Amino acid sequence: MFKVTPTGKVLLHAANLTVIVFILLPLLAVLIASIQSEKSLQADTRRVLPAEVTLDNFTVILTKGQQRGRIFEQATYLPENIKSFYAAFLNSTIVAVSVTALTLLFGSLSAYTIARLRFRWTLFLLQANIVARFVPVIVLMIPLYIVMRSMGQLNSLSGVILAETGFLLPYAILILAPYFDSIPSELEEAARIDGCTRLGAFVRIVLPLATPALAACGVIMFIVSWHELLIPLILNARPDFMTLPVVIASLVGDVFVFFNLMMAICLLALAPTVVLVVLLQRYIVEGLSAGAVKG
């Protein structure tokens, strides 16, 4: 272990503070833009603090445009997609929860197989998954669209869930495999001596011990699937199946961009992931750090 000098501690704290500010600065910009009118936002682009504060952007979104508030009372046009906020929020919830559950289910089984059964083909598939992640997702969109069309999964949430699960499954395996490998196999052998099958030992012994890793992996999968834009945008053309990222992207028009409404929806869309991370913060840190150290 290296001994850190007082000067080194100061530099480390300064570096940590710099990284935190760098990460939070875009969120601060989103917050400031969401509580301003479009006129005030574009009047002085150099102003840091808003000249006026209003919650009319959130009012318009949450009431689906029925209550426009002061800053929109003279507006002749509002984007139609803000009326789909609640439906899009529900669609995002269904997709994110389903993708997280399926990814944890199949990812834990695959990761356990790789950690316990040292077959050549399992290691080969793991390496192939790692190499496949270097391929940009946009390259696979046309083949994905053709496959989903042949399966009849276009304009449906099930198609989005299936596609996102397939793309995120390798990441779940890479996260869970080192943690499963760190759990002593003697615990499973003792359970099997007492009469458990391999699947029973996996469910009753391994999974409870892997709770931190499962929580950390689940939060990561939920956040990624919640904020996924490209797959829902490509596979769904009907407004009924839009997710929140698609609604946000739709606010960028050919003539006008609703920056203030876009920022307000961004804040509302961030709320579930922030709450989830706060609630499971202890498990996330424990799971990721344990997997990194033991793996």
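Quantities reported herein were computed from a predicted structural model and do not represent experimental measurements. Just so you know, these numbers use all the heavy atoms, side chains as well, and skip hydrogens, waters and symmetry mates.
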With rounding to the nearest 0.5 angstrom, report the CG to CD1 distance, Asn260 to Ile61. 8.5 Å
By the side chain to side chain donor-acceptor pair (under 3.5 Å) test, which pairs, at least two apart or in different chains, include something from residues 159-177? none
Does a side-chain heavy-atom distance below 4.5 Å link Leu62 with Phe85? yes
Locate the shortest heavy-atom distance separating Leu207 from Ser108; write the atom from each residue and the value. CD2-CB, 4.4 Å
List for me each residue that meets salt bridge (charged side-chain N to carboxylate O under 4.0 Å, His left out) alongside Arg116, sequence neighbours excluded, and say none if there are none. Glu188
Side chain to side chain contact (heavy atoms under 4.5 Å, CB included) partners of Arg204, counting only residues at least two apart: Cys196
Mind checking side chain to side chain donor-acceptor pair (under 3.5 Å) for Ser110 and listing every partner two or more places apart, or none if nothing turns up? none
Contacts of Ile205 that satisfy side chain to side chain contact (heavy atoms under 4.5 Å, CB included) - sequence neighbours left out: Leu187, Ala191, Leu209
Members sharing Ile146's hydrophobic cluster (side chains within less than 4.5 Å): Ile142
Do Pro272 and Thr93 make a side-chain contact, defined as non-hydrogen atoms from C-beta onward lying under 4.5 Å apart? no
Hey, could you give me the CG/CG distance between Leu24 and Leu31, rounded to the nearest 0.5 Å? 11.5 Å
Donor-acceptor contacts, no H, no angles, side chain residues 235-242, under 3.5 Å, sequence neighbours left out:
from   : atom 1 : to     : atom 2 : distance (Å)
Asn236 : OD1    : Asn155 : N      : 3.2
Asn236 : OD1    : Ser156 : N      : 3.1
Asn236 : ND2    : Phe241 : O      : 3.2
Arg238 : NH2    : Asp240 : OD2    : 3.3

I'd like to know whether Ile82 forms a side chain to side chain contact (heavy atoms under 4.5 Å, CB included) with Leu251, so could you lay out the CA-CA distance, the side-chain angles of the two residues, the decisive distance to 0.1 Å, and finally the verdict. CA-CA 9 Å; Ile82 63 172; Leu251 296 179; 4.1 Å; yes
Look at the side chain of Thr243 and the backbone N and O of Asn91, then say whether any donor-acceptor pair between them is shorter than 3.5 Å. no
Checking Ser182 side chain against Tyr179 main chain: does a donor-acceptor pair fall under 3.5 Å? yes
Taking side chain as C-beta onward, heavy atoms only, is Leu144 less than 4.5 Å from Ile234? no
Could you go through residues 212-230 and list every donor-acceptor pair under 3.5 Å that involves a side-chain atom there, pairing it with any protein atom two or more places apart or in another chain?
from   : atom 1 : to     : atom 2 : distance (Å)
Ser225 : OG     : Met221 : O      : 2.8
Ser225 : OG     : Phe222 : O      : 3.1
Trp226 : NE1    : Ala269 : O      : 2.8
Glu228 : OE2    : Leu230 : N      : 3.2
Glu228 : OE2    : Ile231 : N      : 3.3

My understanding is that only residues two or more places apart in sequence, or in another chain, count here; which of them pass ring-ring contact (aromatic ring centres under 6.0 Å, His included) with Phe202? Tyr112
Would you find a donor on one side and an acceptor on the other, under 3.5 Å apart, between the side chain of Ser84 and the backbone of Ala87? no
Are the side chains of Phe180 and Ile114 in contact, using a 4.5 Å heavy-atom criterion? no
Taking only residues two or more places apart in sequence, or in another chain, which ones meet Leu162 in a side chain to side chain contact (heavy atoms under 4.5 Å, CB included)? Met148, Met151
By side chain to side chain donor-acceptor pair (under 3.5 Å), which residues pair with Gln36, not counting sequence neighbours? Ser40
List in chain and number order the residues that pass side chain to side chain contact (heavy atoms under 4.5 Å, CB included) with Val21, two or more places apart in sequence or in another chain; answer none if no residue qualifies. Leu17
Can you measure from OG (Ser34) to CG (Asn57) and round to the nearest 0.5 angstrom? 7.0 Å
